[in-house]
Amino acid sequence: MTTAASLGDLVSQPYKYGFVTDIETEKIAKGLSEDVVRLISAKKEEPAFLLDFRLRAYRQWLQMETPDWATLGYPPIDFQNIIYYAAPKQRDKKASLDEVDPKLLETFEKLGIPLSEQKRLTNVAVDAVFDSVSIATTYKEKLAEHGVIFCSISEAVKEHPELIERYLGTVVPSNDNYYSALNSAVFSDGSFVFIPKGVECPMELSTYFRINSGDTGQFERTLIVAEEGASVSYLEGCTAPMFDTNQLHAAVVELVVLDDASIKYSTVQNWYAGDENGVGGIYNFVTKRGHCRGDRSKISWTQVETGSAITWKYPSCVLQGADSVGEFYSVALTNNHQQADTGSKMVHVGPRTRSTIVSKGISAGHSANSYRGLVQIGPKAVGARNYSQCDSMLIGDQAAANTYPYIRSQQPLASVEHEASTCRMSEDQLFYLQSRGIAFEEAVSMMVSGFCRDVFNQLPMEFAAEADKLLALKLEGSVG
Amino acid sequence: MSLFSDSFVSTPVIRPDADVLLEIRGLHARVEDKAILKGVDLTLRAGEIHAVMGRNGSGKSTLSKVLAGHPAYTVTAGTVTYRGQNLLELSPEQRARVGVFLGFQYPVEIPGVSNLEFLRVATNARRAELGQEELDTFAFEDLVRERLTVVQMDPAFLDRSVNEGFSGGEKKRNEILQMALLEPLVAILDETDSGLDIDALRIVAAGVSQLATADTATLLITHYQRLLEAITPDFVHVMAAGRILRTGGRELALELEERGYDWVDQELASLELG
């Protein structure tokens with residue numbers, strides 16, 4: 001067996017989160033109309049401002065067209081063939097975990113996210129979202145002692161409508177793009193985080209998204225606000241069962257940071273990627289944006305993208321406050337027939353704003369992996385600085401890697417640097433490591449970890465090892 | 001099968017009582033459809049230094065890769081026995097762990113993988129095979145600093161990625177450093193002298209000489225005899241057309257230097273004519 005063949009074996013490990021939970025689900029009929037939007041809002045007993053928000057977005061969406069500028073190929077999505085609301089049957093949101101369907105708790109436990117009091121992760125508060133609804137949020141009381149609000153967005157709409165009304169849609173306007181309009185019209189659930197002035201969030205916050213139904217779209221909405229001098233580190237994880245049809249996932253994430261505040265937002269995305277022939281998998285169209293409203297504020301995005309048949313995602317920062325800082329660290333791994341078009345936008349508005357982009361793309365199998373990024377320096381961004389580094393690693397000879405950097409500067413006193421490189425994980429490199437006694441799989445893992453180290457160093461400690469393992473699993477199989 | 005009789009290149013013996021470490025018999029190998037090794041016989045005993053010389057394309061580099069288990073080469077006939085064990089059955093990593101070392105002619109660069117961490121993982125893999133305890137970061141640093149002196153290498157190289165941006169000489173020193181850490185019983189050094197200036201050559205040669213003990217065997221693969229001025233071989237083998245054509249002592253290298261390789265071609269032609 002040649003090394004290339006064994007590499008092929010390694011990168012085609014089975015997906016271990018592919019199970020379906022057999023649970024009675026309440027679903028509405030397929031298709032999207034104004035009535036469906038009203039129905040979703042009614043089911044969630046929403047205030048009028050939110051229904052208006054949804055309807056406005058729906059009408060905008062009707063006027064819009066699907067974006068076609070990404071390096072992605074897929075058949076047109078039939079938006080009338082998707083269910084826009086699905087929820088495991090249970091009465092209202094549970095007061096305590098004891099009332100949650102044990103099957104759901106079991107599901108999350110199987111995914112490595114135990115929710116029960118005895119087993120829950122220490123030092124990490126978790127919001128668990130199953131299909132369209134949030135199942136449970138841990139450590140809520142402890143966080144409340146510090147004034148930190150961490151709950152599902154549906155709950156926030158009920159408990160803190162003034163915050164939702166004040167911030168929702170202010171970073172990503174509903175008509176920002178086709179998928180943000182769709183999400184704004186039909187979003188079902190997601191997480192809400194509010195860190196009041198001067199508070200450093202005492203623990204990591206995390207949301208775990210699980211798609212279970214085969215014909216349901218998932219449209220979650222996340223909003224995080226850090227007031228003056230506040231800080232928080234937040235992590236999201238995602239998995240889905242294996243189906244031979246494609247499921248649509250169109251999320252919107254908005255971050256707001258005021259003076260001297262910071263948000264660190266990390267993602268480990270492991271949606272089902274489809275089989276080795278490219279059948280099935282999640283279509284992941286996500287809009288993530290942070291707004292550095294305050295001076296000296298900071299937003300840092302870290303993402304490890306390993307799943308989904310299609311990834312279309314550009315976590316961005318609008319750097320409005322003077323001396324504000326935006327960061328984007330990304331590892332995107334594609335295998336088989338996966339396609340990823342991902343990157344970041346850094347929009348420098350305020351003076352002396354700084355941004356850093358570090359992107360690592362790994363393409364194996366027949367996959368295509370593109371980095372697409374925009375660095376925009378506005379006329380008032382005197383002394384703004386950007387540094388971008390985009391590296392691609394190819395495994396095998398059938399995969400593709402592209403880099404599309406866009407730079408627009410209207411400010412002569414700004415500095416923008418861009419570096420890019422492409423390398424191939426070669427048989428000779430692997431043989432070299434092997435010939436020093438290092439096993440083949442460990443050699444692959446060493447090279448991939450080494451390639452991604454700049455990004456993994458940015459992940460919260462609890463998750464850095466997990467991300468390393470996930471990549472190893474995607475590429476090797478013996479781990480985990 | 002071969003035009004040559006098996007007795008043609010039996011290796012002379014200087015210390016018949018020394019352990020046979022590596023025994024190559026009738027080794028044939030090909031890359032893709034091209035036969036490259038056509039019946040190599042060679043015996044390495046403990047305490048011996050052998051040099052294999054030959055033109056480019058004679059098969060000497062292939063021999064080193066086949067012994068290390070490079071996946072691009074297929075062994076089609078013959079045996080290789082390492083301390084009584086069938087070496088060809090072992091994966092490349094197992095061969096390294098049991099004590100067979102290949103010093104590469106062109107060591108590859110591995111960006112992102114720390115040289116220190118790489119050396120530590122490799123050393124621990126060998127130690128595990130020997131039943132020795134694993135060295136943690138601190139214990140390993142002590143060891144590596146001591147071994148750096150063998151090749152007079154700057155510790156700064158430990159903090160860089162494996163071979164990345166190293167000069168030709170630095171790469172070769174890093175190879176010998178690996179050898180010093182892995183303490184192989186059989187070291188195969190493929191064109192270790194190529195691309196070295198005089199000073200680097202002297203340092204590398206001194207390192208190799210220091211590591212060649214009464215318990216180890218060294219196989220130097222080289223095109224020129226200048227390496228053999230610094231490391232005196234016990235045997236010199238001339239390779240041509242995929243097999244060892246002639247074996248002698250140190251003087252054979254000098255003869256090659258003087259007469260060039262043309263006579264090898266003539267000898268080969270006359271042999272093939274039979």
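Model, not experiment: these values are computed from the prediction. Order of the sequence lines fixes the chain letters, A, B, ..., with proteins taken first and strands second; residue numbering starts at 1 for each chain.
Interatomic distance, Glu109(B) CD to Cys423(A) SG, rounded to the nearest 0.5 Å: 11.5 Å.
Residues Arg436(A) and Glu175(B) approach most closely at NH2-OE1, 2.7 Å, considering heavy atoms. Contact between Ser435(A) and Ala96(B) at its shortest, heavy atoms only, is O-CB, 3.3 Å. Residue Ile110(B) comes nearest to Met447(A) through the heavy atom pair CG2-CG, 3.8 Å, listed as atom of the first residue, atom of the second, then distance. Among all heavy-atom pairs drawn from Arg97(B) and Gly437(A), the shortest one is NE-O, 2.9 Å.
In this structure, chain A has no heavy atom under 4.5 Å from any part of Pro184(B). Val162(B) touches chain A through its side chain: at least one heavy atom from C-beta onward sits under 4.5 Å away, while N, CA, C and O do not. Of the two parts of Asn163(B), only the side chain, counted from C-beta on, holds a non-hydrogen atom closer than 4.5 Å to a non-hydrogen atom of chain A.
For Lys298(A), the NZ atom sits in a loose shell: 12 or fewer heavy atoms of surrounding residues, nucleotides or ligands are nearer than 6.0 Å. Summarising the local packing, CZ of Arg385(A) is surrounded by 12 or fewer heavy atoms from other residues, nucleotides or ligands at distances under 6.0 Å.
With respect to chain A, the highest number of heavy-atom pairs below 4.5 Å among Pro111(B), Ser114(B), Gly69(B) belongs to Gly69(B).
The aromatic rings of Phe104(B) and Phe431(A) stand perpendicular to each other, their planes meeting at an angle above 60°, with 30° marking the opposite boundary.
Looking only at side-chain heavy atoms (C-beta outward), Glu427(A) and His70(B) come within less than 4.5 Å of each other.
Between the side chains of Asp428(A) and Tyr106(B), not a single donor N or O lies within less than 3.5 Å of an accepting N or O.
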